[in-house]
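First listed ligand is number 1; within each ligand, the first listed atom is number 1.
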Amino acid sequence: MNKVEFNNIKITGGFWKERQDLIRNVTAKAVYDRFYDTGRIDAFKFDKKSEIKPHIFWDSDVAKWMEGVAYLIQEKSEPQLEAIVENLIALIEKNQDDCGYFNIFFTVVEPQNRFVNRDCHELYCAGHLMEAAVAYYYATGKRKFLDLMCKYADYIEKRFKIDKDAKFVTPGHQEIELALVKMYEATGEKRYLELSKFFIDERGKKSEFKYDWCKESYHQSHIPVREQKEAVGHAVRATYLYCAMADLALRYNDKDLQSACETIFEDIVNHKMYITGGIGSSRAGEAFTIPYDLPNLIAYTESCAAIGLILFCHRMLLLTNDVKYSHVIERALYNGFLSSFSLDGKSFFYCNPLEVLPSLKKRDGELTEKTINMPITERVEVFECSCCPPNIVRFVPSVANYLYTYDQNAIYVHQFMESTASINGVTIEQKTSYPLNGKVEITVKGKNTRLCVRIPEYVEIYQGENADGYAIFDLKDGDTVALDFEMKPQLIEANPLVTFDSGKVALMRGPMVYCLEEVDNGKNLRDIRIDKNTEFSEFIDTSLNALCIEANAYRRKPTEKLYSKLSNERINIKAKFIPYHTFANRGESEMTVWFLAE
Ligand code: FUB
Ligand code: ZN
């Protein structure tokens, strides 16, 4: 399948235009300002006398931000942001070693330790700089940054693949593998693709174990990648690895790599993914754990991991065109990813839990938060480890990447966004208020076209011609097809083996997961029981700019006693549900996605 990159598509209105405008007008600057305050920007000056010691992966934080700016200016000029990027590129040029090496920490702080410890993120930083350089080249046509990164990639090839004198073979944090594929595509230099394959082929072949606090599976280095069948270890590293595996499976027609990716994907979606599309449930190692271990209150579900899952699914879609990958993209997109930033675009979650109980912080005075490692309850502007905010800055402007694929027979529509696209000589216009409702009008112009439209996972019965999950339309030049995917509130239950959700249900409408918040429903959300036979009523909450849902529900009567005989006495209440991604925008509040029903 051919991909259709976001620069061939313009999001013209609706839900995603609002978010793209927010990133352009607010978030990009807000993230930059916090990076400036914390010393991340000045770190590129390589001032050895600076009082602020750079962190080993500050390069990557800023690189992701630069990549995001490249995507913004690819669509519309942003002179101020471009000037900042130009300045950073000049600093990179100035401070890059003659050999091509570039890394802030390992030049300013520990130059003697270059390529010594695989877990010190040098190749991870290099990969993000390369992704930024490729994006900036596509956006501006200017080659300087790309050339600098080619020089660095050549040096990495020399040290790791030719001379083999680096102290490790494969990086502890994957990223460079997928970046080298992009470098190959931007430059046509096959050595970069081969270097990516080298890192993938070598991974897990021999022990590169360094620590006593984690196993090799933390870095997905426990066995060669083609033998891996389960999603293990650090979730962001894992998804970035799986991206590169899928990239290489496609380019080398490597069926063993493809098969490993398919098996791992099934393990994720059948055992290890939250209803929100969040992955990596454990704080210990920011990692996947055992099947069905999906605690809600302490869900780690890093924002970058949700992005990583989408990136992986997109590559699998290009390999197979199977709708199941777009289903997961949609789930993560509207839930576990979207919750990562506030409605005002200025603050962020790193963890995206499915339940919040602020009172637990008081359990044991100040100690508790640290002792049981609860996720924070309100978004913040920057983190000490601030990988997620710039990942959001690069993700949203490029979100149209997930809309279409095509081959010589048809154009495939995967996601629904008000937009105009130019694909293989055809202009496609989508008119839609999605995800507010499921009405989508698609017009094709330019030539007669077979259009295959993904039928979303929540649609129970689709009347009409369909094959393999796609609705099929043979359209004449100028034709419009109108779809109306029914979106009604649906109660969802988890597999009985997910013990944390036992006896509970969640509410979804279309692609959106809903939740209850204290600010609407009072404290102690765990006692609310939804009437299983309730009529749901839908309304727009203007303060959240979102469709909310009201349902009949019950609470038990308050009592002074700690224990009483089982009673069926109930107080009737109305429960108000808001889209999960809008939680924590009105102050600290209890929240839950899973609740009782009777
Ligand atoms: O280590 C670099 C980034 O910071 C990872 O991708 C995140 O999980 C966080 O650890
Ligand atoms: Zn992150």
Side-chain angles (χ1 to χ4, degrees), residues 27 31 34-35 38 40 43 54-65 67-68 103-106 117-132 168 170-179 210-211 213-214 217-221 231-244 272 276-289 299-312 332 336-342 347-353 373 375-376 379-396:
T27 313
V31 171
R34 297 295 80 77
F35 279 4
T38 50
R40 282 169 169 83
H55 185 271
I56 53 167
F57 56 81
W58 273 5
D59 316 34
S60 68
D61 290 345
V62 177
K64 275 184 273 184
W65 181 85
E67 185 185 342
N103 183 285
I104 303 174
F105 183 88
F106 288 100
N117 184 337
R118 74 185 300 229
D119 220 14
C120 281
H121 291 61
E122 283 158 290
L123 296 182
Y124 167 81
C125 288
H128 277 303
L129 285 162
M130 288 175 195
E131 281 202 88
F168 54 93
T170 65
H173 195 314
Q174 302 87 331
E175 155 64 23
I176 191 155
E177 301 87 343
L178 73 86
K210 283 268 184 306
Y211 302 110
W213 62 269
C214 72
S217 52
Y218 169 73
H219 310 91
Q220 301 77 36
S221 304
V232 294
H234 184 278
V236 181
R237 294 172 203 238
T239 51
Y240 288 7
L241 166 67
Y242 307 150
C243 282
K272 297 173 180 169
T276 55
I279 54 169
S281 62
S282 173
R283 176 173 293 266
E286 312 187 287
F288 289 109
T289 69
Y300 196 71
T301 50
E302 184 182 336
S303 307
C304 289
I307 292 175
L309 178 62
I310 295 173
L311 299 176
F312 171 46
F337 165 68
L338 263 189
S339 56
S340 64
F341 58 104
S342 58
S347 56
F348 310 93
F349 273 141
Y350 187 110
C351 300
N352 297 272
N373 285 323
I376 56 170
R379 294 175 187 82
V380 298
E381 292 184 6
V382 68
F383 303 90
E384 206 174 304
C385 168
S386 215
C387 48
C388 304
N391 227 350
I392 296 161
V393 171
R394 72 179 182 143
F395 185 83
V396 176

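Taking 2.8 Å as the threshold, Cys388 counts as a candidate ligand of the Zn ion (ligand 2), since one of its N, O or S atoms lies below it.
For the residue pair Ser282 / Thr289, no side-chain donor-acceptor distance below 3.5 Å is found, with atom types taken as modelled. No side-chain donor from either of Arg237 and Tyr124 sits under 3.5 Å from a side-chain acceptor of the other. Between the side chains of Tyr350 and Glu286, at least one donor N or O lies within less than 3.5 Å of an accepting N or O. Checking Asn352 against Ser303 by side-chain atom types alone, a donor-acceptor pair falls below 3.5 Å.
The protein heavy atom nearest to atom 5 (C) of ligand 1 is His173 NE2, 3.3 Å. Nearest to atom 9 (C) of ligand 1 among the protein's heavy atoms is Tyr350 OH, 2.9 Å. The closest protein non-hydrogen atom to atom 10 (O) of ligand 1 is Glu286 OE1, 2.6 Å. Shortest contact from atom 1 (O) of ligand 1 to any protein heavy atom: His121 NE2, 2.7 Å.
Of all heavy-atom pairs between Tyr300 and Gly280, the closest is CB-O, 3.3 Å. Between Ile310 and Phe337, the closest heavy-atom pair is CD1-CB, 4.3 Å.
Near Phe57, with a cut-off below 4.0 Å to any heavy atom, the atoms of ligand 1 are 1 (O), 2 (C), 4 (O). Every atom of ligand 1 with a heavy atom of Cys385 under 4.0 Å away is listed here by number and element: 4 (O), 9 (C). Interface atoms of ligand 1 facing Glu302, defined by a heavy-atom separation under 4.0 Å, are 7 (C), 8 (O). Which parts of ligand 1 touch His234 is read off a 4.0 Å heavy-atom cut-off, strictly below it: atoms 5 (C), 6 (O), 7 (C), 8 (O), 10 (O).
The side chain to side chain donor-acceptor pair (under 3.5 Å) search around Glu67 returns Tyr71, Arg394, not counting sequence neighbours.
Ligand 1 lies less than 4.0 angstrom from a heavy atom belonging to Tyr124. Using a non-hydrogen distance threshold of 4.0 Å, Cys304 does not register as a contact of ligand 1.
With the Zn ion (ligand 2) as the vertex, atom OE2 of Glu302 and atom SG of Cys304 span an angle of 110° (nearest 10 degrees).
Among residues at least two apart or in separate chains, side-chain hydrogen bond (donor to acceptor under 3.5 Å, both in side chains) pairs with a member in residues 380-389 are Arg34-Glu381.
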